[in-house]
Undergrad: 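Before anything else, here's the structure in question.
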Amino acid sequence: MRLTKLLEKIEYTCVQGSPDTEVKNLVNDSRKVEEGSLFFCIKGAVTDGHKYAADVVAKGAKVLVVQDEVEAPQDVTVIRVADTRLAMALMSAAYFGYPAKEMRIIGVTGTKGKTTTTYMVKSILESAGYKVGLIGTIEAIIGDERIPAHNTTPESYTIQEYFRRMADAGCQVVVMEVSSQGLMLERTAGIPFELGIFTNIEPDHIGPAEHASFEDYLECKSRLFWQCRYGILNADDPHLEAILKGHTCEVETFGLSENAGIRAENMQLVSRPGYLGIAYTVSWKGEKETRFDVEIDIPGKFSVYNSLTAIAICRHFQVGMEDIRRALKSAKVKGRVELVKVSDEFTLMIDYAHNAMALQSLLETLREYHPHRLISVFGCGGNRSKLRRYEMGEVSGKLADLTVITSDNPRFEEPEAIIEDIVTGMEKTDGKYIKITDRKEAIAWAIHHGEPGDIIVLAGKGHEDYQEIRGVQYPMDERVLIQEILKEDAL
């Protein structure tokens, strides 16, 4: 492809060489450069791509896109821009032929609820006959292909590549998670979002490698609403006004409060052995008032918000009431309050809650179902903050009736040492606990000691299907472990 075509939506200066240069591919990883490549010199948190200019030229790169000065042979074209990340997003879209214009793009942002909401939307729209692609924390889904994710919002080139493949596969709609990092790092720049969604916001992802402050985190989230046609936002979130600052979209709201455009009323917890859910009535006003009942096989008030979001989105696709109800009833998300049937007497679930805030939210939600006992099974990752271990131990000690402390991705630390850090937090409470280092043994113990009316939560792993030990990821899926335990019990 001609460089001029790639630069058609970019403000740039051609420092040397010619914009008529032919480009074979676009690369921002120096290890992937080949003859005829265009290389983006990206300034990252860990390294600066400008340092690799000489290396990539030696490998055959014919174009460098830079924001700082670099030295390069005269036969190499150097394009200078204000922001190489922004340039990469816009040039990647051009490289793949602007595939987003061929589909309707939905972007979901927020601290919690993004993953569940995207799967609910996919389920509803597919039940109504749409072909839907998905990009998110767990995976990208293109037709029957599932590609494991490394980032909630992939790098811009990868997004555009997925869009191209989705459009070619006949997808009419794409629903994607849009992280604050993705917005801050221009990964979603230039995407013509038809719908932008805001679920909620709480202090998170704040630190040297992420956001400098909560205000910075909030501002990055708000950028989605400068980039979409319609904004659908949580009316009950106290930061709604700040999220909408500078917005350019038409605004709709959902929530439980009377000022929400789409409301949930008459919420009822649904509970029976081995099953937890929630039911409510959804209503909104238009030419005439619409009301219908919904039941979801995912427990908790947050499930009401997630499903309300999905309903608000699907109204834009003229999806019928019965399609919505049926799809929400069957919507499941791997590792997000995922119920696993093991007994007719007690309930077992898998959830990704891997920090204190998420664990607290989950356990508080489950306490509302008044279990006989609430049992929490979790560990903490190695080579990560000890504060997280203390906090998770304290949360579980306060909210669970019994905690089974075990291993979770110990990495290069000893699992027993991590467990002792969790115990430090536990000891601040009156919570009962036991320590079982081997995760399968911990799960087996919880199942074998389950009593009628118990709720058992396996927290922290969620959708993960591995255990990371000393740099190696060993296969380990909790669903598989559970089935192995049940088979061993049956022998």
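Quantities reported herein were computed from a predicted structural model and do not represent experimental measurements.
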Undergrad: CD of E241: more than 12 outside heavy atoms within 6.0 angstrom?
TA: no
Undergrad: Is the backbone of G113 close enough, under 3.5 Å, to the side chain of T117 for a donor and an acceptor to pair up by distance?
TA: yes
Undergrad: So that I can tick it off, tell me whether E139 and K334 are bridged by a salt bridge, with the cut-off set at under 4.0 angstrom between side-chain N and carboxylate O.
TA: no
Undergrad: Are H50 and Y52, when compared by the centres of their aromatic rings, separated by less than 6.0 Å?
TA: no
Undergrad: Do other residues, nucleotides or ligands put more than 12 heavy atoms under 6.0 Å from E69 CD?
TA: no
Undergrad: Compute the ring centroids of Y474 and Y466, then answer whether they are less than 6.0 Å apart.
TA: no
Undergrad: Can we say K112 and E202 salt-bridge, meaning some charged N sits less than 4.0 Å from an Asp/Glu carboxylate O?
TA: yes
Undergrad: Are more than 12 heavy atoms from other residues, nucleotides or ligands located less than 6.0 Å from atom CZ of R470?
TA: yes
Undergrad: More than 12 heavy atoms of other residues, nucleotides or ligands under 6.0 Å from NZ of K32: yes or no?
TA: no
Undergrad: Please determine whether side chain to side chain donor-acceptor pair (under 3.5 Å) holds for the pair Q181 and T153, giving the CA-CA distance in whole Å, both sets of side-chain angles, and the decisive distance to 0.1 Å.
TA: CA-CA 8 Å; Q181 286 286 100; T153 305; over 6 Å; no
Undergrad: Thinking salt bridges, do E413 and R389 make one under a 4.0 Å N-O criterion?
TA: yes
Undergrad: Taking all non-hydrogen atoms of both residues, which atom of L366 and which atom of P299 are closest, and how far apart?
TA: CD2-CG, 4.3 Å
Undergrad: May I ask you to establish whether K9 and Y98 are in a cation-pi arrangement, using a distance under 6.0 Å from NZ or CZ to the six-membered ring centre and at most 45° from the ring axis?
TA: yes
Undergrad: Under a 4.0 Å N-O cut-off, is there an ion pair linking K245 with E219?
TA: no
Undergrad: Validate the cation-pi geometry between R263 and W284: distance from NZ or CZ to the six-membered ring centre under 6.0 Å, angle to the ring axis within 45°.
TA: no
Undergrad: Would you call the rings of Y157 and Y95 parallel, tilted or perpendicular, where under 30° means parallel and over 60° means perpendicular?
TA: tilted
Undergrad: Within a 6.0 Å radius of atom NZ on K285, are there more than 12 heavy atoms belonging to other residues, nucleotides or ligands?
TA: no
Undergrad: Determine yes or no for a side-chain-to-main-chain donor-acceptor pair under 3.5 angstrom, with D236 supplying the side chain and G255 the backbone.
TA: no
Undergrad: Taking the six-membered ring of F193, is NZ or CZ of R229 closer than 6.0 Å to its centre and within 45° of its axis?
TA: no
Undergrad: Please verify the inter-ring angle class for F317 with Y130; under 30° counts as parallel, over 60° as perpendicular, anything in between as tilted.
TA: perpendicular
Undergrad: So for atom CD, which belongs to E71, do other residues, nucleotides or ligands contribute more than 12 heavy atoms lying within a distance under 6.0 Å?
TA: no
